[in-house]
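No experiment lies behind these values; they were computed from the predicted model shown.
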Amino acid sequence: MEEKLTHFDDRGDAIMVDVSGKKETERTAHATGVIEVSPVVLKAVLEGSVRKGDVLGVARLAGIMALKRTFELIPLCHVLPLDACRITFEPDQEASQIRCDCFVSCHGRTGVEMEAMVGASTALLTIYDMCKAIDKRMVIREVHLVTKTGGKSGDFNF
């Protein structure tokens with residue numbers, strides 16, 4: 001059975017989904033991604049010696065600022081009353097990478113999955129931007145939704 005796509009009307013035109021009839025529930029989402037960096041870049045980030053400043057601090061703020069504006073970046077996303085967001089980083093010296101995790105929650109009529117993925121992606125892009133003068137051969141990988149709770153479709157675990 002083919003599932004109907006909700007962002008298109010019967011003519012195939014793009015629409016914003018009408019969520020006015022949906023019940024407000026607690027919604028959460030956790031997205032993650034990694035940036036592979038050279039050992040030199042990772043050392044500079046961890047030592048705080050990158051010329052542009054506190055890489056992870058700036059990346060955290062960039063991710064939070066971006067996820068709050070998801071509705072302006074992704075067509076057809078709703079403006080959401082976000083309750084909380086948190087971005088964390090886990091450097092891995094052995095793998096020479098930094099994992100970013102973004103957690104978002106709200107009480108609303110639609111989920112916060114896109115906000116979590118925008119937050120994680122933007123934080124990783126900011127790391128790239130702040131470190132590219134040291135080495136441009138960084139690779140962002142594995143940005144994806146890990147979990148989501150709430151809503152009609154129920155919980156999701158990757």
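- Glu115 contributes atom CD, which lies 6.0 Å from atom CG of Leu82 (distance to the nearest 0.5 angstrom).
- Within a 6.0 Å sphere centred on CE of Met16, other residues, nucleotides and ligands contribute more than 12 heavy atoms.
- Met138 has its side chain out of reach of Asp135: every pair of non-hydrogen atoms, C-beta onward, lies at least 4.5 Å apart.
- Counting heavy atoms from C-beta on, the side chains of Val17 and Leu76 never come closer than 4.5 Å.
- With hydrogens and angles disregarded, no donor-acceptor distance shorter than 3.5 Å links the side chain of Thr147 to the backbone of Asn157.
- Counting only heavy atoms from C-beta outward, the side chains of Arg99 and Asp92 never approach each other to under 4.5 Å.
- Going from atom OG of Ser121 over to atom CE of Met114 covers 8.5 Å, rounded to the nearest 0.5 Å.
- The two residues Arg109 and Lys22 have their closest heavy-atom pair at NE-O, 2.9 Å.
- A side-chain N or O of Asp101 and one of Thr32 form a donor-acceptor pair less than 3.5 Å apart.
- Taking the six-membered ring where the residue is Trp, His144 and Phe158 present tilted rings, their angle falling between 30° and 60°.
- Shortest non-hydrogen contact noted between Cys102 and Ile87 is SG-CG1, 3.8 Å.
- Counting only heavy atoms from C-beta outward, the side chains of Met130 and Val45 never approach each other to under 4.5 Å.
- Annotation for Phe89 and Ala59: closest pair CZ-CB, 3.7 Å, computed over non-hydrogen atoms.
- For Glu47, the CD atom sits in a packed shell: over 12 heavy atoms of surrounding residues, nucleotides or ligands are nearer than 6.0 Å.
- Note that NE2 of His107 and NZ of Lys23 are 10.5 Å apart. Values are rounded to the nearest 0.5 Å.
- Within a 6.0 Å sphere centred on NZ of Lys43, other residues, nucleotides and ligands contribute 12 heavy atoms or fewer.
- Taking both residues in full, the closest heavy atoms of Thr28 and Val112 are given as C-CG2, 3.7 Å, listed atom of the first, atom of the second, then distance.
- Contact check for Cys131 versus Val55: side-chain heavy atoms found under the 4.5 Å cut-off.
- Put simply, the side chain of Ile74 reaches to within 4.5 Å of the side chain of Val118, judged on heavy atoms.
- Atoms CZ and CD1, from Arg60 and Ile127 in turn, are 9.5 Å apart once rounded to the nearest 0.5 Å.
- Between Met117 and Thr70, the closest side-chain pair of non-hydrogen atoms is not below 4.5 Å.
- Proximity of Ile64 to Thr122: side-chain heavy atoms (C-beta onward) are nowhere separated by under 4.5 Å.
- Nearest heavy atoms, Leu46 versus Pro91: CD2-CG, 3.5 Å.
- Rounding to the nearest 0.5 Å places CD1 of Ile35 at 4.5 Å from CD1 of Ile140.
- Between Cys100 and Ala120, the shortest heavy-atom contact is SG-CA, 3.9 Å.
- Residue Lys136 holds its NZ atom at 7.0 Å from OH of Tyr128, rounded to the nearest 0.5 Å.
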